[in-house]
Amino acid sequence: MKRVLILAFGGAVYTVFFLTFLYLIAFLGNLQATALADALPWLPAVVPVSIDLGRSTGPMALAVAIDLGLILLFGLQHSIMARSGFKARLTRVVPQALERSVYVLASSIVLIVLFWQWRPIPEIVWAADSPLGLWLGWTTFAAGFGIVLVSTFLIDHFDLFGLRQVWAGFRGVEAAPHRFVEPGPYRWVRHPMYVGFLLALWGGPVMSVGHVLFSAGMTAYILIGIRFEERELVRYLGPDYEAYRERTPMLVPGLRRRVRGG
């Protein structure tokens with residue numbers, strides 16, 4: 001029975017994650033106010049709030065403080081729960097097979113809270129005013145999320161979101177240890193998934209003040225988080241990752257490292 005519950009929990013968490021990821025795309029792109037809503041008339045009801053729409057801004061200073069607080073909450077949750085020390089403490093409370101699923105669930109909940117409490121600041125910073133500009137903006141946005149999704153499968157999508165672990169727990173075996181690989185774009189940059197997120201954050205045909213605030217905050221988190229993440233990767237993968245870090249740029253293909261960890 002315990003194994004069945006572990007598997008059910010992992011499957012439920014993955015469903016929550018997947019729906020949250022889809023909402024993130026709609027949230028960041030204000031998709032309920034685009035032509036896509038003509039093809040999907042239920043979209044405005046399913047996505048009532050987005051980065052620029054659906055809620056009153058209120059006092060500007062309060063809106064900025066709330067939005068920055070939500071971004072900080074997201075960063076802290078990801079950074080703290082990703083550390084090996086926290087994982088060790090967590091697995092004293094929950095089965096090892098559920099550690100990743102608990103992390104994914106917490107991340108999804110934090111994003112849901114962000115969607116729920118985000119205060120739009122819709123004043124326009126820039127906007128595409130030509131068909132070419134619109135096409136470039138949406139193509140960059142879509143390509144960013146596409147790169148994110150493809151990157152997860154290249155490194156093991158099911159491990160990243162806890163399904164491999166709960167399946168191993170259901171079978172009563174330990175999940176196989178990670179093997180260091182460099183698939184596809186991982187030969188060009190160390191973090192193609194983050195490259196995809198950056199494209200999605202800064203893409204799109206319209207950029208509001210609130211969108212800039214969100215994108216800048218998340219970009220700062222990504223740049224800081226990479227440093228901590230790579231320390232964990234070196235600890236876990238050892239010399240293989242150290243050599244990989246020496247020869248492969250972090251985010252920009254062809255940009256050679258000049259300082260250690262850069």
Whether [X] side chain and [Y] backbone form a donor-acceptor pair below 3.5 Å:
X: Tyr244; Y: Tyr186; value: yes
X: His211; Y: Pro120; value: no
X: Ser101; Y: Ala97; value: no
X: Ser215; Y: Val212; value: no
X: Arg119; Y: Leu62; value: no
X: Arg164; Y: Gly162; value: no
X: Gln165; Y: Asp159; value: yes

Face-on cation placement of Arg83 at Phe86 ring, 6.0 Å and 45° thresholds: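 No, Arg83 and Phe86 do not form such a contact.
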
Joint cluster assignment, [X] & [Y], ILVMFWY side-chain distance < 4.5 Å:
X: Ile109; Y: Tyr23; result: yes
X: Leu149; Y: Ile222; result: yes
X: Phe74; Y: Leu76; result: yes
X: Val173; Y: Phe9; result: no
X: Trp188; Y: Leu199; result: no

Could you tell me which non-hydrogen atom of [X] sits nearest to which non-hydrogen atom of [Y], and how far apart they are?
X: Leu251; Y: Val195; value: O-CG2, 3.3 Å
X: Thr34; Y: Asn30; value: CG2-O, 3.4 Å
X: Leu28; Y: Ala200; value: CD2-O, 3.5 Å
X: Ala128; Y: Leu134; value: CB-N, 3.6 Å
X: Gln77; Y: Ala106; value: NE2-CB, 3.7 Å
X: Glu123; Y: Met60; value: OE1-CE, 4.3 Å

Between Tyr194 and Glu229: side-chain donor-acceptor atoms closer than 3.5 Å: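 Looking only at side-chain atoms, Glu229 and Tyr194 do form a donor-acceptor pair, the distance falling under 3.5 Å.
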
Taking C-beta and beyond as the side chain, do [X] and [Y] meet within less than 4.5 Å on heavy atoms?
X: Tyr103; Y: Lys87; result: no
X: Met218; Y: Phe197; result: no
X: Ser151; Y: Val148; result: no
X: Leu98; Y: Val166; result: yes
X: Thr152; Y: Phe161; result: yes
X: Trp118; Y: Phe27; result: yes
X: Ile51; Y: Phe214; result: yes

CG-OG distance between Leu31 and Ser50, expressed to the nearest 0.5 angstrom: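 Atom-to-atom, Leu31:CG and Ser50:OG are 8.5 Å apart.
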
Parallel, tilted or perpendicular: ring planes of Tyr14 versus Phe18, cut at 30 and 60 degrees: parallel

Parallel, tilted or perpendicular, as decided by the 30° and 60° cut-offs, for the rings of Trp202 and Trp126: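 Aromatic pair Trp126/Trp202 classed parallel.
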
Tyr236, OH: over 12 other non-hydrogen atoms inside 6.0 angstrom: yes

Criterion salt bridge (Lys or Arg N to Asp or Glu O under 4.0 Å) on Glu232 and Arg235, from CA distance to verdict: CA-CA 5 Å; Glu232 295 290 320; Arg235 184 179 298 114; 2.8 Å; yes

